[in-house]
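Take a look at the structure below.
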Amino acid sequence: MNQINDMKIEALVTLAKAFFDRGGAVQYDELSMDRVCCITPRRELFSPPEKATKQHTLFLDCSSFVFSTFYQAFGYIFEADVTKDMIDLTNIRVFYYEITGKETEEEKVSVMKKFKETLQAGDVTVSVYNNGNGHTMLYAGDDTFYHCTSNGKKGSYNYQLRHDNLFDTGAVYCVNSSVLFSPEINGMPSRNYLFNEKNLRFCILRPLPKVKSITPQTQKRIKGLKNIYAAVTCSHPEGRSAKIGEEVTYEVEVKNLDTSVRYITIIYNNKKDSFHLNPGEGINKSYTEIVNENMVEDKHICPPDILLNDVEIYVPKAAFYNMDYSAELLSLKPEEIIDGLFEKKIKSEGVVYHLRENSNLNSIFVPSLFGGYGVITPEIVKTPEIRTRRITLSSLHEGDLIIYKDSPNTPAKSVKYYGNERFDFSEGKEASDFLDTLFGRFCFCIIRY
C-alpha cells in the first residue's frame, strides 16, 4: 500500500515540477474572469505542462495549477476548481479550522502543530481570505510545497489600463513549508502564513485515497520525461495560417534538467531520432511538412504526432488559410461583421456576446482569435483551443483587419495591419501595446481576406 502511495506522490511531484520547469511560459492569472458573466477565458484546467512554450503562454492560478496537476497525473477531477469552493470539499477534507481572531500565540502554535502532524505528501492546503479570495498549495513532502502565485506582484490583466502583466520568473514556485507556519520569512511578512490577518479559515484536503490509478501517459512521463524539458513550436504560431503547398515547420526543443546523462528518442510521424544529452545540455530538432488538402480539418492543419521518450507531446495547431470566400464579404462594415459573428444575449448582468456556431463569415474569420470582456465562451473549459488567451504581432498577417467594440453601445471599429509591426496609427512597441488593449475591450475578432 505504501509503495502504491509513493508512486502516486512521485506522479504528482513529477507533474508539479514539469509545470515549474516551464518558467515564464506559465503566468499567474488572478483576474481571469470576464467581468460580465464570470467566464474564464484564460485560466486553463486540463492542459499538460508542455503546452506552455515561448509561443504560448499558459495562464494558471493557484487552484487551476493544483487541478491540472491532479488531472494530468491521475485523470482526477476535483468537484470544485476555485479556492473558495474547494475548502468546502468535506468528502476529502481531513483538517479544518476557522479563525476567531482571538487566538493566543500558544493556541496558534497548537493548531499549527496539529495541522503539520496531519499533513501528508500529496495533500492540498486551502486558505480562504476575508476578501473572498484564497490560496491553494500542493504538499510534495519533505517540508516542500509547489504552488502557483503572483508572489506579491500584480497578476493577470489590468482592465482599467487595458494592459497585461507578464513576468520573466513565471508563476509556479517550489517553497519550504515554513511559509505556512512562520509569520515572517527573512524579515518579510509571509503571505501564506496560516494565521495571516487576512485569513478566515484553512483546511487540508486529501484527494489521493480517491485517486484510482496513475494515467498511462504519466507512467511513461515518470519513466522517460522526468526532469526533461520538452516543447514544440511551430513556424505558424497561434493565428498565423498556411495555404495549400506551403511549408509548415515544427521545432522540437529538448533540454536535460537532470544530473545524469539522458538518452532521448524523438518519434515524429514514425520517423525516429535518438541522441544523448549531458546534464544541462539542450538540442533543437526541426521537421517540415508541406500542406495538402488531406491535412486540413475544421479550419486547422492537423498537427503531426510527436513522441519524446514514448510520451506524447503537445503540438500546436496551425490555422488553414481559406481563400474560398464570396466577393460581397469584402464590402462588409465593422458592425455587420460583429453582428454576423456574434450572437447578442441579454443576461441579468448585462449584454454579452457569444460566437455563433454557424456564421456565414467563417471563411474570413481567423479561428480562435477573438475575445473581450463581454464575450462569453463557456465551452472553453473543455475546448480550450476555441479562444485565444493572448495575441502577439506574430499572430497576424499583412492585411488582417482587427474589428472591435469598446462597449455594447459604441460603434464597431476596424484597424488594418500592414505588416512589419505596423498599423496605420502605430508601429513597433506601440503596435504591440494596441494588441494588448484588445482584451480590455468589450469584444474583438480578426478578419483575414
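FYI, side chains are in, hydrogens and waters are out, and symmetry mates aren't considered; it's all heavy atoms of this structure.
- L369 CG to F365 CZ: the interatomic distance, rounded to the nearest 0.5 Å, is 7.5 Å.
- Residues C62 and T83 share a closest heavy-atom pair of SG-OG1, 3.4 Å.
- Residues H236 and E246 bring a donor and an acceptor atom of their side chains to less than 3.5 Å of each other.
- For the pair R22 and Y229, the distance from NZ or CZ to the six-membered ring centre is under 6.0 Å and the angle to the ring normal is within 45 degrees.
- To the nearest 0.5 Å, atoms CG (L332) and OG (S414) are separated by 11.5 Å.
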Subject >> Worked check of side-chain hydrogen bond (donor to acceptor under 3.5 Å, both in side chains) between T215 and Q217 >> reply: CA-CA 5 Å; T215 64; Q217 177 82 343; over 6 Å; no
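- In this structure, the side chains of P316 and T233 stay at 4.5 Å or more apart for every pair of heavy atoms.
- With a 4.5 Å cut-off on side-chain heavy atoms, E293 and I244 count as touching.
- Contact annotation: the side chain of V351 never approaches that of N409 to less than 4.5 Å [non-hydrogen atoms, C-beta and beyond].
- I228 has its side chain within reach of L308: a pair of non-hydrogen atoms, C-beta onward, lies under 4.5 Å apart.
- The 12-atom threshold is exceeded at CG of N91, counting heavy atoms of other residues, nucleotides or ligands nearer than 6.0 Å.
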Original post:
Should F370 and V375 be marked as a side-chain contact (heavy atoms from CB on, under 4.5 Å) after you check the CA-CA gap, both sets of side-chain angles, and the distance that decides it?
Top reply: CA-CA 9 Å; F370 73 97; V375 179; 3.9 Å; yes
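- Atom NZ of K84 sits in a sparse spot, with 12 or fewer heavy atoms from other residues, nucleotides or ligands closer than 6.0 Å.
- For CE of M7, the number of neighbouring non-hydrogen atoms (other residues, nucleotides, ligands) closer than 6.0 Å is 12 at most.
- Counting only N and O atoms by type, the side chains of R387 and S368 include no donor and acceptor under 3.5 Å apart.
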**OP:** For side-chain contact (heavy atoms from CB on, under 4.5 Å), just list the numbers for V252 and Y287, CA-CA rounded to whole Å, side-chain angles, deciding distance to a tenth of an Å, and then say yes or no.
**Re:** CA-CA 8 Å; V252 183; Y287 305 88; 3.9 Å; yes
**OP:** Would you check, one step at a time, whether the test salt bridge (charged side-chain N to carboxylate O under 4.0 Å, His left out) holds for K220 with E312?
**Re:** CA-CA 9 Å; K220 294 177 182 178; E312 184 179 347; over 6 Å; no
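- By the 4.0 Å N-to-carboxylate-O rule, K51 lies close enough to E44 to be salt-bridged with it.
- Between Y250 and Y268, the two ring planes are tilted [angle within 30° to 60°].
- A centroid separation of less than 6.0 Å is found between the aromatic rings of F78 and F70.
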Original post:
Going through the checks in order, is the ring-ring contact (aromatic ring centres under 6.0 Å, His included) test met by F442 and Y353?
Top reply: CA-CA 9 Å; F442 184 77; Y353 285 173; 5.1 Å; yes
Subject >> Verdict with reasoning, T136 to S63, per side-chain hydrogen bond (donor to acceptor under 3.5 Å, both in side chains) >> reply: CA-CA 6 Å; T136 307; S63 55; 5.2 Å; no
Subject >> salt bridge (charged side-chain N to carboxylate O under 4.0 Å, His left out) between R93 and D123, intermediate numbers included >> reply: CA-CA 10 Å; R93 198 171 68 187; D123 285 351; over 6 Å; no
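- Here the CD-OG1 distance, from E251 to T53, works out to 10.5 Å after rounding to the nearest 0.5 Å.
- Side-chain contact, N227 with K17: a donor N or O sits under 3.5 Å from an acceptor N or O.
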**OP:** Would you please test E50 and R221 for salt bridge (charged side-chain N to carboxylate O under 4.0 Å, His left out) and show each step?
**Re:** CA-CA 12 Å; E50 289 75 27; R221 178 186 288 276; 2.9 Å; yes
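- When only modelled atom types and interatomic distance are considered, T249 and T288 share a side-chain donor-acceptor pair under 3.5 Å.
- Between G122 and L138, the shortest heavy-atom contact is O-CD1, 4.1 Å.
- In this structure, Y404 and C443 have side chains that are not in contact, with every pair of non-hydrogen atoms separated by 4.5 Å or more.
- The side-chain heavy atoms of I403 and F444, taken from C-beta on, include no pair separated by under 4.5 Å.
- Contact record, G239 with V366: O-CG1, 3.6 Å, taken as the closest heavy-atom pair.
- A centroid separation of 6.0 Å or more is found between the aromatic rings of Y418 and F423.
- For residues 430-448, the set of pairs meeting the side chain to side chain donor-acceptor pair (under 3.5 Å) definition, not counting sequence neighbours, comprises H163-D436, S241-R448, D400-R448, D406-R441, K429-D433, T437-R441.
- Judged by the 6.0 Å distance and 45° axis criteria, R390 is not positioned over the aromatic ring of Y157.
- In this structure, Y129 has its ring center at least 6.0 angstrom away from the ring center of H135.
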**OP:** Take E238 and T388, measure what side-chain contact (heavy atoms from CB on, under 4.5 Å) needs, and give me the verdict at the end.
**Re:** CA-CA 8 Å; E238 285 181 277; T388 189; 4.2 Å; yes
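- A distance of 4.5 Å separates CD1 of I364 from CD1 of I447, quoted to the nearest 0.5 Å.
- Between the side chains of Y325 and N362, not a single donor N or O lies within less than 3.5 Å of an accepting N or O.
- In terms of heavy atoms, A16 sits closest to V172 at O-CG1, 4.4 Å.
- Using a 4.0 Å cut-off between charged side-chain N and carboxylate O, E335 and K405 make a salt bridge.
- Between L361 and E336, the shortest heavy-atom contact is CD1-O, 4.3 Å.
- Centroid-to-centroid, the aromatic rings of F67 and F46 come within less than 6.0 Å.
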**OP:** Kindly indicate, with the supporting measurements, whether the criterion side-chain hydrogen bond (donor to acceptor under 3.5 Å, both in side chains) is fulfilled by Y263 and N256.
**Re:** CA-CA 10 Å; Y263 182 74; N256 181 8; over 6 Å; no
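- In this pair, H56 and Y314 present their aromatic rings tilted. The plane angle is within the 30 to 60° band.
- Counting non-hydrogen atoms of neighbouring residues, nucleotides and ligands closer than 6.0 angstrom, the NZ atom of K255 reaches no more than 12 such neighbours.
- Both the sub-6.0 Å distance and the 45° axial angle are not jointly satisfied by R43 relative to the ring of F59.
- Residues D61 and Y28 form a side-chain contact, since some pair of their non-hydrogen atoms from C-beta on lies under 4.5 Å apart.
- Every residue meeting the ring-ring contact (aromatic ring centres under 6.0 Å, His included) condition with F19, not counting sequence neighbours, appears here in chain and number order: F65.
- Atoms CD1 and CG, from I204 and L119 in turn, are 4.5 Å apart once rounded to the nearest 0.5 Å.
- Counting heavy atoms from C-beta on, the side chains of L277 and I283 come closer than 4.5 Å.
- Around CG of D142, the count of heavy atoms belonging to other residues, nucleotides or ligands within 6.0 Å does not exceed 12.
- The environment of CG in N420 is sparse: at most 12 heavy-atom neighbours from other residues, nucleotides or ligands sit within 6.0 Å.
- Atom CG of N192 sits about 6.5 Å away from atom OG1 of T149, to the nearest 0.5 Å.
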